[in-house]
Participant: 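Structure below; questions to follow.
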Amino acid sequence: MAHTPNADEIPSRYDPATTDAALYEAWEQAGVFRADTGASERIGGPKAPYTIVIPPPNVTGVLHMGHGLNNTVQDVLIRWRRMSGDDALWLPGTDHAGIATQNVVEKQLAKSGRTRADLGRDAFIEEVKTFVAEKGGVILKQLRAIGASADWDRTAYTFSPELSRAVREIFVRWYEDGLIYRGHRVTHWCSRCLTALSDEEAESHPAQGLMYHVRYALKDDSSQSIVVATTRPETMFGDVAVAVHPEDPRYTAFVGQHVVNPANGVAIPVIADAYVDKEFGTGALKITPAHDANDFEVGKRHALAMPIILTPEGAITEGTDAAGRVPAQYLGVDRFDARKRVAKELETAGALVKSEQHQHSVRKCYRCDTVVEPRLSDQWFVKMAPLAAPALAAVKDGRVRILPERWEAVYVNWMENIRDWNISRQIWWGHRVPVFYCQRAADSRQPKACREHFASRDDNPVCPDCGGPTRQDDDVLDTWFSSQLWPFSTLGWPNDTKDLKAFYPTDVLVTAPEILFFWVARMVMSGMYVTRSAEHPDGIVPFHSVYLHGTARDAQHRRMSKSLGNGIDPLDVVNLYGADALRWTVIAGMGLGNDLLLDHENIEQSFSTGRNFATKLWNIGRFLLLQVGEEPVKPLDSVAAADLSPADHWILARTDDVITGADTALGPARPTNGRAWTNADHRLGLRLDEYAESARTFVWNDLADWYLEHAKTRLAAGHPERETARAVLVHAFDRALRLLHPIMPFVTETLWNRLPGHVDGTWLALAQWPTAARSANRAAAADFDAARASIAAVREIRNEYVVQAADVVQVALGGTAPGLVAAAQRESAFVTRMAKCELVPESAIAPGTEARRVLANGVEVSVSLAGIVDFARERGKLSTELEQLVKQLAALRGRLGNEKFTAKAPAAVVEAERVKEGEWSARVEQLTARIASLPKA
RNA sequence: GGGCGAAUAGCUCAGUUGGUUAGAGCACCUGCCUUACACGCAGGGUGUCGGGGGUUCGAGUCCCUCUUCGCCCA
């Protein structure tokens, strides 16, 4: 005989601290999160694969709220599909994060007064590796605390030997396909990180600065001059020309002549180039080819010198081609100091016409916020246009969808205007560019018979032309070069592995819009490139859906950030209220693509919805254990249909509805036709907040507020319906737990394991996702609804007239729907208990003593309130209702009388309006009669 | 400067091809310690759907325009 606990043995609050960690360990030991490669139908197994690859956090990172919401979304999806019977793989891992990690270690070194140069390249890399080994991967442990059900056995790392091989493989393929080239051009340079950056890594920020108007006098006639506007006068040392528009009449006479650069006295030509915007500023531009990307293009067109006047660190220097251009007193001066000094000297010399406040934008390093400097250098580039074309087509034809959909337009716009990608970084931590130079070719004494450079899959290759020794390029690759391979490198590519066959392409990519270009677009391009075949000439897209979620913000809508100190540590929330509270709050509070607002100054209030709901669930479970006991219940399908009451049918119908609702909100899991999203299914699914809300309403407002209350009577010992009520209640709660498990895995698993009849060693995490049974009798359910509506009406009247909670009122049911009245009366025990009333015949209530409501279903509920009914108030209330209804009915009749409407509107709409007309007129009659029967005041 | 989008209840947002009396959560107000839960229960919504114009039998939804705001890229 199972032991039925008493109330003292089960606390009234769920205590995540004592259960969650052990539960997570139990899941792991049971192998619940492990994906089974052989089970994938792509290699002959029985299950559809469902794969999510984690956006790899920086290996030295720690969990913040952004990770919290990103990974919760992924875990909800993966748990949902795992329960739905898919071969679900959530593949975790970390990114070596080149610049970011190098910066962290350099800061460590700085504490002991050392720099990376002091150590040298090899020792520094060892230092970083040691640091990563000791301090890295913390975030993966933290993800376990929020319940992430990733397959940890497959944890990947972008800098592992396996993934490094993938990096080298694609580099060599691209190089050999002519998609990677060495370019001599102006790129963004971070003078703090001492490396070039891609366009994406140099973020634009609005800035207020000074626009200096500087006079360049004509060399041969100093009475004439051209005024040039610039925000960076310190770059004037690198000026090689002044450019004007060829069709600008103001300057035609100057073209071909020379002006004197007032900063250094060097004479430079005035050139004509259509790039100049006549309308902007003075219509004349100084041309500094080595320190401005546009000027560089102008310089190339006009074969101008390209003097470099800034050191890598951002100080003024007389660099390549700059001999004689930089006054000695400026050498070594920082660029921003130089800016002020140049401006001052120009002013002194009378060359500064004016300086005015100017709104513009500056680009800053995305890793250290230093203002980047455009700087001429040799870098490695990927030619993007050929890669972008198929990736663009894939989104346009629906093989990849991006949600929310408006981001597709942004993606298309970027792809259509794509620029080549600078992939070389002058740092040490990362994959070294696998390009090699023949040592002999570099030797000027040797005849130049060997190619200048080549890419190699192997270390230390010999020169393919002369067999001589080679030297590897010093640069490393952009971190994003390796992370773009993530959906396939983590599965074993370039090897033709079972995992790759089983799990590529993946399904949903969950990330933030900020890295749409950094990462998502590049994964599409590289993923398609490496999967090209005779069967798939354009390759296979790496995922069919991109889910872009919003940003965690504080109550003032500011992005949560370390520097603002307005962040919330997800682990604090876990410790205070549990992972389920965190997860629920995140999922329920975050519409697709919308930001999540949380108040860092009131963590309790921010997460109370999640905490409260977990407690509610817990208490339903507590009630169940106390009232239902632990004796196994009959499976629902062995309960005789005749034994089911209207309440049973009602909750079973609601159970079906919530399952259908959740499925609609979440799915389809993949394109319906298996190939591409169509107009019909493009925007469907992934509405996690709607799924959460429908499940919450079911549990709280249907199951707890109504069915469970109704069941209290039937569960009494010896009640003839006790077994039926137990079976239905346990069934409905079981379905609720299954539905909620993806969002609140801990409390649902804990409760599920204590349900009557639970089989030891089975896990909710692996239990089957519910399907709608569709066996409920909807007519019987409507009978229960009649009782519910009557209860609600009595409660409303009680509140209206401030009837004391303990007072029992007399209630009569009547009206135009005798069937429903009878149905409500059959639930008299329930009605009287819930509404604190006794049911009496209508004749038992003396006319003129009752408050009455006319329900939408035709039932009239009269509450005897002799002496306290305010008939003026009743009349007013009913009249307002009637008035509104009459107005709407008139409009409705007008519509139905309009031939254009009946002729043009769809038949179904017209029919619905006709039905409505019947209902409304009946109700108008009821209301009119009731008002007429009210005693005159 | 180029591109995309938003404006609906105090706040955050739903509202699918135009077709119920425009909804939800939170917040707020009133009354309740009704023995699963006060982290709870019951009751409470008169919104010029940003302004103006248009198309239509019918507009929160489509078109034009103005205003304000946001995002992406220069």
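Residue numbers start from 1 in every chain, and the chains themselves are labelled A, B, ... in the order their sequence lines are given, proteins ahead of strands.
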Participant: Does the structure show a Watson-Crick or G-U wobble partner for B:U20, both distances under 3.5 Å? Name it, or say none.
Facilitator: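 B:U20 is unpaired by these criteria.
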
Participant: Could you tell me whether A:E919 and A:K916 make a salt bridge, using a distance below 4.0 angstrom between a side-chain N and a carboxylate O?
Facilitator: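 Result for this pair is no, no salt bridge flagged.
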
Participant: Does B:C4 pair with anything, Watson-Crick or G-U wobble, both distances under 3.5 Å, and if so, with which nucleotide?
Facilitator: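 B:G70 is the nucleotide pairing with B:C4.
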
Participant: Can you check the distance between B:C69 and B:C63, where both ends of the measurement are the C1' atom (answer in whole Å)?
Facilitator: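 Result for the C1' pair: 23 Å, nearest Å.
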
Participant: Could you tell me whether A:E827 and A:R788 have a side-chain N and a carboxylate O separated by less than 4.0 Å?
Facilitator: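 No, this pair does not count.
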
Participant: If the plane angle is over 60° it's perpendicular, under 30° parallel, otherwise tilted; pick one for A:F517 and A:W414.
Facilitator: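 A:F517 vs A:W414 ring planes: parallel.
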
Participant: Hey, mind stepping through A:S545 and A:R401 against side-chain hydrogen bond (donor to acceptor under 3.5 Å, both in side chains) and telling me if it holds?
Facilitator: CA-CA 5 Å; A:S545 298; A:R401 64 170 179 173; 2.8 Å; yes

Participant: Under the side-chain hydrogen bond (donor to acceptor under 3.5 Å, both in side chains) criterion, do A:D702 and A:Y707 qualify, and how do the steps go?
Facilitator: CA-CA 6 Å; A:D702 298 334; A:Y707 188 76; over 6 Å; no

Participant: Taking the same atom, P, in B:A6 and in B:A14, what whole-Å distance lies between them?
Facilitator: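 Per the computed distance, 10 Å lies between those P atoms.
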
Participant: I'd like the P distance from B:U8 over to B:G51, given in whole Å.
Facilitator: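 Looking at atom P only, B:G51 and B:U8 are 10 Å apart.
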
Participant: Is any NZ, NE, NH1 or NH2 atom of the basic residue among A:E800 and A:R795 found under 4.0 Å from an Asp or Glu carboxylate oxygen of the other?
Facilitator: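 Salt bridge: no.
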
Participant: With C1' as the reference atom in both, quote the distance from B:A27 to B:C13 in angstrom, rounded to an integer.
Facilitator: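 These two C1' atoms come out 14 Å apart once rounded.
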
Participant: Is a salt bridge present between A:E693 and A:R696, judged by a nitrogen-to-oxygen distance below 4.0 Å?
Facilitator: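 The answer is yes: the pair qualifies as a salt bridge.
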
Participant: Between B:U46 and B:G54, how many Å separate the two C1' atoms, rounded to a whole number?
Facilitator: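 29 Å, rounded to whole Å.
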
Participant: For atom C1', what is the distance between B:U20 and B:G60, given to the nearest Å?
Facilitator: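 It works out to 15 Å between them.
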
Participant: Scan nucleotides 70-74 of chain B against the protein and return all N/O pairs shorter than 3.5 Å with their distances rounded to 0.1 Å.
Facilitator:
none

Participant: Are the aromatic ring centres of A:Y366 and A:F518 under 6.0 angstrom apart?
Facilitator: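 Yes, the ring centres sit under 6.0 Å apart.
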
Participant: Do any N or O atoms from the side chain of A:D681 and from the backbone of A:L684 form a donor-acceptor pair under 3.5 angstrom?
Facilitator: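 Between the backbone of A:L684 and the side chain of A:D681 there is no qualifying donor-acceptor contact (under 3.5 Å).
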
Participant: Please measure how far the C1' atom in B:U61 lies from the corresponding atom in B:G45, and state the result in whole Å.
Facilitator: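 To the nearest whole Å, 23 Å.
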
Participant: Given atom CG of A:D807 and atom C1' of B:G31, what is their separation to the nearest angstrom?
Facilitator: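 Result: 13 Å.
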
Participant: Between A:R683 (CZ) and B:A14 (P), how many Å, whole number?
Facilitator: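 Value for this atom pair: 12 Å.
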
Participant: For the CZ atom on A:R683, are there more than 12 heavy atoms of other groups (residues, nucleotides or ligands in this structure) within a distance under 6.0 Å?
Facilitator: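 No, the 6.0 Å shell around CZ holds no more than 12 heavy atoms from other groups.
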
Participant: In this structure, how many angstroms lie between the C1' atom of B:C32 and the CE atom of A:M834, rounded?
Facilitator: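 After rounding, the reported distance stands at 14 Å.
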
Participant: With the sugar-phosphate defined as primed atoms, P, OP1 and OP2, and the base as all remaining atoms, what B/S/- string results for nucleotides 18-25 of chain B, 5' to 3', for protein heavy atoms under 4.0 Å?
Facilitator: -BSB--SS

Participant: Mark up nucleotides 33-45 of chain B, 5' to 3', with B wherever a protein heavy atom is under 4.0 angstrom from a base atom, S wherever such an atom reaches only the sugar-phosphate, and - elsewhere.
Facilitator: ---BB-BSSBS--

